[in-house]
Amino acid sequence: MTKPTDFGVFINELDAGVFSDKLAHELSTAALAVVQHDRVGQLQITLDIKKIGTSQVTVSHKMRSTRPTMRGKQTEEDTTETAMHVGKGGRMTFFPESQVDMFTGEVKDKETQS
């Protein structure tokens with residue numbers, strides 16, 4: 001059985017790590033607002049995957065946060081995209097799992113390289 005997409009690595013590769021940083025910031029901001037105003041906050045993440053080329057996809061990642069305020073709520077939405085390679089078993093990675101060596105013409109597998 002092939003390994004599935006490593007979610008921790010995947011989330012850190014989205015938007016070159018910026019998406020992960022924004023997510024962490026929004027989690028903290030929402031938690032603080034919930035504690036200060038004693039009302040519910042919400043954070044939604046939407047991932048849309050669209051095929052580009054033969055073995056690549058574009059992942060559109062949208063984050064929508066709703067934080068309570070003193071008299072209501074504040075909502076913010078942010079959408080960005082990242083191109084990803086699809087490897088064995090559908091595993092998504094920023095870099096392809098195998099590439100052709102431009103000098104020797106051999107196919108090199110990422111897992112077997114040292």
Side-chain angles (χ1 to χ4, degrees):
M1 182 175 164
T2 59
K3 291 187 207 172
T5 301
D6 183 327
F7 183 74
V9 172
F10 171 79
I11 209 80
N12 284 314
E13 289 178 337
L14 293 178
D15 203 18
V18 176
F19 183 76
S20 177
D21 292 343
K22 288 190 276 189
L23 178 58
H25 176 76
E26 282 302 318
L27 281 169
S28 296
T29 304
L32 181 60
V34 166
V35 168
Q36 288 175 335
H37 302 292
D38 197 26
R39 291 200 314 267
V40 176
Q42 187 177 53
L43 186 61
Q44 298 174 328
I45 300 169
T46 305
L47 302 173
D48 293 320
I49 304 168
K50 180 180 173 186
K51 181 179 177 179
I52 57 171
T54 56
S55 63
Q56 278 189 297
V57 294
T58 297
V59 179
S60 173
H61 25 92
K62 178 168 58 173
M63 181 172 38
R64 179 183 168 99
S65 63
T66 304
R67 299 176 296 276
T69 61
M70 187 183 307
R71 294 183 182 88
K73 61 184 174 182
Q74 181 180 33
T75 301
E76 189 172 344
E77 188 173 296
D78 181 73
T79 304
T80 48
E81 289 184 349
T82 304
M84 303 289 276
H85 292 271
V86 179
K88 297 174 186 169
R91 183 175 15 177
M92 286 189 286
T93 57
F94 187 73
F95 295 105
E97 291 180 341
S98 60
Q99 292 184 350
V100 176
D101 187 303
M102 63 187 277
F103 299 108
T104 65
E106 296 175 16
V107 175
K108 298 213 175 184
D109 213 7
K110 188 165 139 180
E111 291 181 355
T112 59
Q113 291 179 0
S114 49

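Here the structure is a predicted model, which means the values were calculated and not measured.
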Engineer: If the condition is side chain to side chain contact (heavy atoms under 4.5 Å, CB included), which residues does V40 pass it with, not counting sequence neighbours?
Structural biologist: none
Engineer: Give a yes or no answer on whether the side chain of T5 reaches the backbone of M92 with a donor-acceptor pair at less than 3.5 Å.
Structural biologist: yes
Engineer: Measuring from S20:OG to N12:CG, what's the distance to the nearest 0.5 Å?
Structural biologist: 4.0 Å
Engineer: Holding to side chain to side chain contact (heavy atoms under 4.5 Å, CB included), I want the full list of residues that pass it with V18, two or more places apart in sequence or in another chain.
Structural biologist: D15, K22
Engineer: List for me each residue that meets side-chain hydrogen bond (donor to acceptor under 3.5 Å, both in side chains) alongside S55, sequence neighbours excluded, and say none if there are none.
Structural biologist: none
Engineer: Run the side-chain donor-acceptor check on residues 42-52: report pairs under 3.5 Å with partners two or more places apart or on a different chain.
Structural biologist:
none

Engineer: Applying ring-ring contact (aromatic ring centres under 6.0 Å, His included) as the test, list every pair that has at least one member in residues 63-83; sequence neighbours left out.
Structural biologist: none
Engineer: Scan residues 16-64 for pairs that pass ring-ring contact (aromatic ring centres under 6.0 Å, His included), counting only residues two or more places apart or in two chains.
Structural biologist: F19-H61
Engineer: Provide the full list of ring-ring contact (aromatic ring centres under 6.0 Å, His included) pairs with a residue in residues 38-58, sequence neighbours left out, each pair given once.
Structural biologist: none
Engineer: Among pairs that include at least one residue of residues 53-73, which meet salt bridge (charged side-chain N to carboxylate O under 4.0 Å, His left out), considering only residues two or more places apart or in two chains?
Structural biologist: E26-R67, R64-E77, R67-E76
Engineer: What's the shortest heavy-atom distance between F10 and M84, and which atoms?
Structural biologist: CD1-CE, 3.5 Å
Engineer: Which residues satisfy the salt bridge (charged side-chain N to carboxylate O under 4.0 Å, His left out) test with D21, sequence neighbours excluded?
Structural biologist: none
Engineer: Got a sec, which pairs hit ring-ring contact (aromatic ring centres under 6.0 Å, His included) with one end in residues 64-87, sequence neighbours left out?
Structural biologist: none
